Engineer: 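Pasting a structure here, questions to come.
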Amino acid sequence: MSLFLYNTLTRRKEVFTPADPARVTMYVCGPTVYSYAHIGNARPAVVFDVLYRLLRRRYPQVVYARNVTDIDDKINAAATAQKVAINDITTKFTGIYRADMAALGVLPPTIEPFATDHVPQIIAMIQALLAKNHAYVAEGHVLFHVPSYAAYGRLSGRDRDDMIAGARVEVAPYKKDPADFVLWKPSTPDLPGWDSPWGRGRPGWHIECSSMIETHLGNTIDIHGGGHDLIFPHHENEIAQGTCAHDGAAYCRVWMHNGFLTMDREKMSKSLGNIALVHDILQSAPGEAIRWALLTAHYRQPLDWSDDLVTQSKRTLDGLYRTLEAADPTADRSASPPEAVIAALDDDLNTPIAMAELAGLAKAINQSSDAAERKRLAADLKAGGEMLGVLQQSPAVWFTTVSAGKTIDAATVESLIAARAAARKARDFAEADRLRQQLAELGVTIEDRAGGTTWRVAG
RNA sequence: GGCCGAGUGGCAGAGUGGCCAUGCAGCGGACUGCAAAUCCGCGUACGUCGGUUCGAUUCCGGCCUCGGCCUCCA
């Protein structure tokens with residue numbers, strides 16, 4: 001069974017065939033670290049994490065790079081506004097981003113390159129573009145000359161005339177062509193800057209990705225991912241500079257773009273202010289439920305974010321964990337995940353189908369009365385869950401872990417349960433029901449089982 | 001204006017030319033001291049108007065509605 005991926009470049013699903021099966025390369029545009037990540041920022045991290053998990057099963061080595069942009073005007077603005085050093089901002093929010101993604105079950109990428117660590121490489125790439133006449137110097141800037149690259153616009157499917165006609169931005173007078181974009185720009189003394197052949201300055205937005213790809217992954221990479229809004233201009237520009245710097249070598253073979261998260265059907269965006277921060281959502285919901293919510297829709301589809309979506313996701317996971325708990329509370333993963341789960345993901349990461357397969361496994365477990373079979377299927381469920389990055393906790397932990405913003409005192413719960421057990425033994429059911437009501441008020445749901453009473457956080 | 005995407009049952013969300021998605025919620029039954037959980041069962045969903053077809057939610061065309069990109073943005 002082959003892995004099919006939708007390629008933005010060709011607008012269709014294609015069989016994925018890496019250039020070098022011994023070393024598969026993937027790059028995903030990561031965060032600009034100037035504030036908290038919102039849930040929309042988390043979508044590509046989670047989606048490409050699933051792809052990373054899938055690729056690691058198929059290939060011996062997958063080099064996955066997700067950058068951190070730590071040079072940016074918004075970072076500078078945040079530092080000025082908060083009267084702290086730029087470095088304080090980037091260090092703080094890099095840490096928060098990592099913690100938030102970890103809470104969502106996102107594996108660390110193989111490499112997490114920082115733009116500021118690659119300035120010499122960026123300068124070298126700009127010099128190469130100048131030497132090959134794809135760029136020029138003007139008023140302290142270095143600009144990429146778009147007409148020098150004939151295939152420009154192929155990824156986004158727009159031609160130059162359209163872009164100029166639709167241009168809403170004022171064209172800088174020093175540009176030879178309105179579509180030309182900045183590779184290097186001058187810096188003022190109060191802003192971060194590096195010495196360069198063109199004076200003290202800093203890199204433009206697009207060049208850092210191309211340079212870090214060249215440094216860590218190679219001239220041609222297999223997969224490049226990011227949000228849909230990066231197709232133009234960011235990825236289009238990356239292709240232009242990356243291809244031209246390497247004498248026409250293909251820059252990236254498969255381009256993948258995730259759809260947007262919306263709030264009330266409108267794009268979630270920091271500039272619109274309609275955002276939900278991962279950091280905040282984690283106060284009231286487990287990271288795993290947030291991750292599940294992000295994967296309920298196919299990655300290329302829009303997904304409307306709401307509290308209700310998280311609630312539904314949490315309940316669905318409750319059901320799966322309940323099944324695991326009943327079948328084998330300490331189950332280990334099967335050696336290999338169920339074929340049906342892999343087949344779903346192999347079809348351009350069809351996570352909703354994969355989830356349906358997990359539900360089917362849970363159903364089979366609950367229907368079976370054969371303890372050995374139930375254990376075997378529980379191990380399969382666990383292995384299937386691992387492909388999506390879920391169901392890896394022990395059920396006991398899942399059911400008794402409260403979200404960051406809430407507290408439940410386990411000792412109190414246990415003592416109430418003990419008191420209720422005594423009341424039940426004495427057949428004082430009124431007292432037993434009263435104690436259960438008391439537990440419910442604490443946010444705890446209990447279940448009487450053959451082996452005793454278990455409890456879990458309600459919700 | 002150019003380019004792109006979407007409209008599926010109470011909600012979320014796949015998918016397919018003819019048959020079941022799946023989950024959450026709801027209803028009925030079994031089980032239970034009562035619950036919870038689980039199991040069994042239930043609900044004639046595919047924006048609209050035409051076309052192709054023996055048959056279309058699925059293919060083609062028009063229309064309506066919504067969203068995205070064209071500017072920083074996941």
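Being a predicted model, the structure only gives us computed values, none of them experimental. Within every chain, numbering begins at 1; the chains are lettered A, B, ... in the order of the sequence lines, protein sequences first and strands thereafter.
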Engineer: Suppose you measure atom C1' in B:U8 against the same atom in B:G47; what distance do you get, rounded to whole Å?
Structural biologist: 10 Å
Engineer: I need the minimum non-hydrogen distance between A:Val33 and A:Ile75, along with the two atoms involved.
Structural biologist: O-CG1, 3.9 Å
Engineer: Which whole number of Å gives the distance between the C1' atom of B:G23 and that of B:A45?
Structural biologist: 16 Å
Engineer: Nearest of B:A36, B:G13, B:C24 to any side-chain atom of A:Thr316?
Structural biologist: B:C24
Engineer: Round to the nearest Å and state the distance from A:Trp292 atom CH2 to B:A12 atom C1'.
Structural biologist: 12 Å
Engineer: Using atom C1' in both nucleotides, what's the gap between B:C54 and B:U48 to the nearest angstrom?
Structural biologist: 25 Å
Engineer: Could I get a table of every N or O pair under 3.5 Å where one atom is in the protein and the other is in nucleotides 40-42 of chain B?
Structural biologist:
{"from": "B:C40", "atom 1": "OP1", "to": "A:Gln367", "atom 2": "NE2", "distance (Å)": "2.4"}
{"from": "B:C40", "atom 1": "OP2", "to": "A:Lys363", "atom 2": "NZ", "distance (Å)": "2.7"}

Engineer: Is there a donor and acceptor pair, one atom on the side chain of A:Arg436 and one on the base of B:A35, closer than 3.5 Å?
Structural biologist: yes
Engineer: Which part of the nucleic acid, if any, lies within reach of A:His234 when heavy atoms closer than 4.0 Å are counted: base, sugar-phosphate only, or nothing?
Structural biologist: nothing
Engineer: Please list, chain by chain and in numerical order, all residues satisfying salt bridge (Lys or Arg N to Asp or Glu O under 4.0 Å) with A:Asp229, sequence neighbours excluded.
Structural biologist: A:Lys267
Engineer: When you compare the side chains of A:Thr90 and A:Tyr34, does any donor N or O come within less than 3.5 Å of an acceptor on the partner?
Structural biologist: no
Engineer: I need the CG-C1' distance between A:Asp229 and B:C4, as an integer number of Å.
Structural biologist: 13 Å
Engineer: Hey, which sits more toward the 5' end of RNA chain B by its nearest nucleotide, A:Ala42 or A:Arg322?
Structural biologist: A:Arg322
Engineer: Considering only the P atoms, how many Å lie between B:G51 and B:U38, rounded to the nearest integer?
Structural biologist: 49 Å
Engineer: Which of these nucleotides, B:A36, B:C69, B:C39, is closest to any side-chain atom of A:Phe232?
Structural biologist: B:C69
Engineer: Any pair with a residue in residues 270-300 of chain A that passes ring pair (Phe, Tyr, Trp, His ring centres under 6.0 Å), sequence neighbours left out, goes on the list, sorted by first then second residue, please.
Structural biologist: A:Tyr36-A:His279
Engineer: Expressed as a whole number of angstroms, how long is the span from A:Glu357:CD to B:A14:P?
Structural biologist: 15 Å
Engineer: I need the minimum non-hydrogen distance between A:Asn87 and A:Thr91, along with the two atoms involved.
Structural biologist: O-OG1, 2.7 Å
Engineer: Kindly write out the residues that satisfy salt bridge (Lys or Arg N to Asp or Glu O under 4.0 Å) with A:Lys382, not counting sequence neighbours, or none if the list is empty.
Structural biologist: none
Engineer: For A:Arg420 and A:Phe260, find the nucleotide of RNA chain B closest to each by heavy atoms; which residue's nucleotide sits nearer the 5' end?
Structural biologist: A:Arg420
Engineer: Base, sugar-phosphate, or nothing for A:Asn258, non-hydrogen atoms under 4.0 angstrom?
Structural biologist: base
Engineer: Would one find more than 12 heavy atoms of other residues, nucleotides or ligands at under 6.0 Å from atom CD of A:Glu339?
Structural biologist: no
Engineer: What residues form a side chain to side chain contact (heavy atoms under 4.5 Å, CB included) with A:Ser284, not counting sequence neighbours?
Structural biologist: none
Engineer: Pick out the pairs of N or O atoms, protein on one side and nucleotides 64-67 of chain B on the other, that lie under 3.5 Å.
Structural biologist:
none

Engineer: Could you tell me how far B:G26 sits from B:C11 if I compare only their P atoms? Round to whole Å.
Structural biologist: 15 Å
Engineer: When all nucleic acid strands are considered with a 4.0 Å heavy-atom cut-off, which category describes A:Gly360: base, sugar-phosphate, or nothing?
Structural biologist: nothing
Engineer: All N/O contacts under 3.5 Å from nucleotides 46-48 of chain B to the protein, with atom names and distances to one decimal?
Structural biologist:
none

Engineer: Just jot down the salt bridge (Lys or Arg N to Asp or Glu O under 4.0 Å) partners of A:Arg291, sequence neighbours excluded, or say none.
Structural biologist: A:Asp49
Engineer: Using a heavy-atom cut-off of under 4.0 Å over every strand shown, decide if A:Leu261 touches base, sugar-phosphate, or nothing.
Structural biologist: base
Engineer: Identify which one of A:His145, A:His234, A:His141, A:His206 satisfies the ring pair (Phe, Tyr, Trp, His ring centres under 6.0 Å) criterion when paired with A:Phe181.
Structural biologist: A:His206
Engineer: Give the rounded distance in Å between these two atoms: NE2 of A:His224 and P of B:A74.
Structural biologist: 13 Å
Engineer: For atom CZ of A:Arg154, is the number of surrounding heavy atoms from other residues, nucleotides or ligands below 6.0 Å larger than 12?
Structural biologist: no
Engineer: Could you tell me which residues satisfy side chain to side chain contact (heavy atoms under 4.5 Å, CB included) with A:Thr412, sequence neighbours excluded, listed by chain and number?
Structural biologist: A:Asp409, A:Leu416, A:Leu442
Engineer: Listed by chain and number, what are the salt bridge (Lys or Arg N to Asp or Glu O under 4.0 Å) partners of A:Arg449, not counting sequence neighbours?
Structural biologist: A:Glu325, A:Glu447
Engineer: Identify which nucleotide among B:A14, B:C72, B:G68 has an atom closest to any side-chain atom of A:Pro233, counting heavy atoms from C-beta outward.
Structural biologist: B:C72
Engineer: Base, sugar-phosphate, or nothing: which does A:Asp308 touch, judged by heavy atoms less than 4.0 Å apart?
Structural biologist: sugar-phosphate
Engineer: Looking only at the side chain of A:Thr296 (C-beta and beyond, no hydrogens), which of the listed nucleotides B:A12, B:A74, B:G68 gets closest?
Structural biologist: B:A12
Engineer: A:Gln312 side chain: which of B:G33, B:C24, B:G13 is closest?
Structural biologist: B:C24
Engineer: Roughly, in whole Å, what's the span from CG in A:Asp433 to P in B:A36?
Structural biologist: 12 Å
Engineer: With distance as the sole criterion, is a donor-acceptor pair present between the side chains of A:Ser368 and A:Arg374 under 3.5 Å?
Structural biologist: no
Engineer: Taking donor-acceptor contacts at under 3.5 Å, does the side chain of A:Asp448 reach the base of B:C34?
Structural biologist: yes
Engineer: If we take the C1' atom in both B:C39 and B:G7, what is their distance in whole Å?
Structural biologist: 37 Å
Engineer: Where each pair must be Watson-Crick or G-U wobble with both distances under 3.5 Å, what dot-bracket representation of RNA chain B is obtained, with crossing pairs in [ ] and other-strand partners as |?
Structural biologist: (((((((..(((.....[...))).(((((.......)))))....(((((..]....))))))))))))....
Engineer: Would the base of B:G33 count as contacting A:Arg424 through its side chain, where contact means a donor and an acceptor less than 3.5 Å apart?
Structural biologist: yes
Engineer: Rounded to whole angstrom, note down the P distance from B:A6 over to B:C60.
Structural biologist: 12 Å
Engineer: Starting from P on B:G68, measure out to OH on A:Tyr299 and report it in whole angstrom.
Structural biologist: 21 Å
Engineer: B:G15 base to A:Asn350 side chain: any donor-acceptor pair below 3.5 Å?
Structural biologist: no
Engineer: For B:A36 and B:G9, measure between their P atoms and round to the nearest Å.
Structural biologist: 29 Å
Engineer: Base, sugar-phosphate, or nothing for A:Ile231, non-hydrogen atoms under 4.0 angstrom?
Structural biologist: nothing
Engineer: Write down the distance between NZ (A:Lys74) and P (B:C72), rounded to a whole number of angstrom.
Structural biologist: 9 Å
Engineer: Tell me what A:Gly226 touches on the nucleic acid: a base, only sugar-phosphate, or nothing, going by heavy atoms under 4.0 Å.
Structural biologist: sugar-phosphate
Engineer: Scan side-chain atoms only and decide if A:His257 and A:Thr8 contain a donor-acceptor pair under the 3.5 Å cut-off.
Structural biologist: yes
Engineer: Quickly work out the A:Tyr97 OH to B:A74 C1' distance and round it to whole Å.
Structural biologist: 9 Å
Engineer: Applying side chain to side chain donor-acceptor pair (under 3.5 Å), which residue pairs with at least one partner in residues 95-109 of chain A are found, sequence neighbours left out?
Structural biologist: A:Arg98-A:Glu112
Engineer: Which heavy-atom pair separates A:Asn67 from A:Gly30 by the least distance, and what is that distance?
Structural biologist: OD1-N, 2.7 Å
